[in-house]
Amino acid sequence: MKRTKIVDIFNPELLGKEVCVKGWVRTRRGNKYVQFVALNDGSTIKNIQIVFDMNNFTDEQLKPVTTGSSICVEGILVESMGKGQTCEIQAKTLEVYGTADPEAYPLQKKGHTLEFLREKAHLRPRTNTFGAILRVRSALAYAIHKFFQEKGFFYLNTPLITASDCEGAGAMFQVTTLPLNDLPKNEDGTVDYSQDFFGKPTALTVSGQLEGELGATALGAIYTFGPTFRAENSNTPRHLSEFWMIEPEMAFYDITDNMDLAEEFVKYCIRYALDHCRDDIEFLAEHFDKGLIERLEFVLHNDFVRLTYTEGVKILEESGKKFEFPVSWGIDLQSEHERYLVEEHFKKPVILTDYPKDIKAFYMKQNEDGKTVRAMDVLFPTIGEIIGGSEREADYDKLLKRIEELDIPMKDMWWYLDTRRFGTVPHSGFGLGFERLVLFVTGMTNIRDVIPFPRTPNNAEF
Ligand code: ATP
Ligand code: MN
């Protein structure tokens with residue numbers, strides 16, 4: 001008999017019909033006359049209740065049906081009299097696919113802490129919480145492609161292995177096939193990379209942006225969506241060593257167009273999740289973050305406040321608030337500063353623009369004042385920075401001068417500079433950390449809980 005997914009079973013048209021479901025047992029309870037099994041197959045947060053009339057089954061048959069075991073049941077879908085569910089299945093046949101020893105299976109019924117579940121990341125997708133998070137994550141990934149595809153952006157795949165470390169976005173993971181305990185050396189004692197796989201030092205990418213610009217200045221508008229790697233030793237609830245980034249890059253967009261796109265984009269994703277993952281988000285709200293749905297609606301229904309970094313710093317300085325890191329013009333804002341602006345001062349998402357050039361990347365468009373660049377960061381409640389972007393410097397001479405000032409080796413940059421040599425255009429782009437978006441939408445507070453298998457300092461298990 002054809003299997004019905006549990007997500008599709010709560011359908012009045014199926015009432016009275018014979019159905020087949022397969023999944024993992026969440027709980028079993030009952031007495032010698034009747035046994036109730038809550039079954040979940042991952043397709044939805046909801047379980048289907050299966051009723052075993054013990055006139056038709058033996059204790060021996062039900063014995064292996066314990067939490068975590070996998071079964072197949074055929075039976076009749078009927079209206080349920082129990083509270084909290086609309087229908088249930090009266091079992092006719094039972095097949096046990098796999099047992100799960102109750103002594104050994106770690107996910108017994110009662111709510112485990114998120115910390116405990118991180119140690120069990122191989123099994124945590126089977127919990128309500130992680131099922132919900134992973135379904136929301138998947139829906140958001142789909143929404144991202146949908147948003148850009150419908151706007152006529154092209155999906156560009158940028159390389160994961162790169163030979164340039166000019167982004168400066170973070171420390172890189174080196175990629176090499178050289179034998180680490182017997183490195184080939186040059187006369188002067190340095191490592192002889194000509195013998196390495198690519199004939200030069202390479203590393204995992206920290207951002208696809210530079211190649212993204214090559215795409216944008218050919219296809220008009222592109223987006224990337226792929227993994228990025230940063231070997232920064234920052235053990236924070238908002239940083240991963242391996243995370244997914246979305247980087248749209250658009251020819252003929254100035255910074256205002258860029259801000260408009262960023263705002264429309266994050267709102268679209270949040271709307272999509274609310275419309276398509278209601279049950280999961282309600283579950284997460286109920287169990288972790290009572291204010292979640294209100295906060296999501298709030299972002300949707302407010303225009304993001306736009307102001308310059310200089311204005312932002314002034315507000316922080318005049319706030320009278322004691323920050324852990326003192327504020328003055330020129331500093332890189334910390335999460336506490338960003339959150340103050342968003343949560344306490346404006347009570348709305350904020351886009352800060354025109355940052356000091358010294359704390360931003362070399363490729364950002366230089367303003368007339370000679371001190372600031374046309375950068376934009378989107379700041380969110382609870383998260384702080386969710387998006388970082390800018391209008392790019394389109395002028396060859398200005399860009400070259402900045403590259404020289406920062407001592408970035410030309411051998412790494414010649415291909416990038418060619419975009420400004422041949423048919424340069426005003427253009428802009430930004431990067432959204434996918435996990436920061438998932439954090440925001442799920443109301444989770446630790447980034448390790450919104451990616452199936454987190455990579456952080458000292459942790460590459462699973
Ligand atoms: P932060 O100041 O939070 O470290 P950043 O300035 O290094 O961020 P960018 O280089 O602008 O960030 O990267 C673009 C986006 O990628 C950020 O806005 C953020 O959403 C995300 N991001 C950056 N670093 C990480 C990380 N280690 N883990 C997860 N997401 C990240
Ligand atoms: Mn960083």
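Atoms within each ligand, like the ligands themselves, are counted from 1 in listed order.
The residue from I246, V266, L261 that alone fulfils the side chain to side chain contact (heavy atoms under 4.5 Å, CB included) condition with F147 is L261.
Of the heavy atoms in R436, only side-chain atoms (C-beta onward) come closer than 4.0 Å to ligand 1.
Residue contact check: I447 has heavy atoms under 4.0 Å from atoms 29 (C) of ligand 1. Ligand 1 places these atoms under 4.0 Å from at least one heavy atom of R238: 3 (O), 28 (N), 29 (C). The distance from ligand 1 to the heavy atoms of G388 drops below 4.0 Å at these ligand atoms: 18 (O). Counting atoms of ligand 1 from 1 in the listed order, those under 4.0 Å from a heavy atom of I387 are 18 (O).
One option in Q334, E435, E385 has a heavy atom closer to atom 8 (O) of ligand 1 than any other, and that option is E385. Ranked by closest heavy atom to atom 14 (C) of ligand 1, the top entry among M245, E242, E232, H239 is M245. When F243, F380, F229 are checked for heavy-atom proximity to atom 25 (C) of ligand 1, F243 turns out nearest. Comparing R455, Q209, R230 against atom 7 (O) of ligand 1, the shortest heavy-atom distance belongs to R230.
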Hey, mind stepping through N157 and T224 against side-chain hydrogen bond (donor to acceptor under 3.5 Å, both in side chains) and telling me if it holds? CA-CA 6 Å; N157 300 119; T224 71; over 6 Å; no
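Side chains of E213 and Y363: a donor-acceptor N/O pair is absent below 3.5 angstrom, by distance only. Counted by atom type alone, D8 and T4 present zero donor-acceptor pairs between their side chains at under 3.5 Å. Y223 and Q149 share a donor-acceptor pair across their side chains, judged by distance under 3.5 Å alone.
The salt bridge (charged side-chain N to carboxylate O under 4.0 Å, His left out) pairs that include a residue from residues 451-462 number zero, where partners must be two or more places apart or lie in different chains.
Here's the thing with I386: one of its N/O atoms is less than 3.5 angstrom from an N/O atom of ligand 1. Ligand 1 has no N or O atom lying under 3.5 Å from any N or O atom of L432, backbone or side chain.
Residues L178 and P184 are in side-chain contact: their nearest non-hydrogen atoms beyond the backbone lie under 4.5 Å apart.
Relative to the six-membered ring of Y272, K146 misses at least one condition, a distance below 6.0 Å or an angle of at most 45° to the axis.
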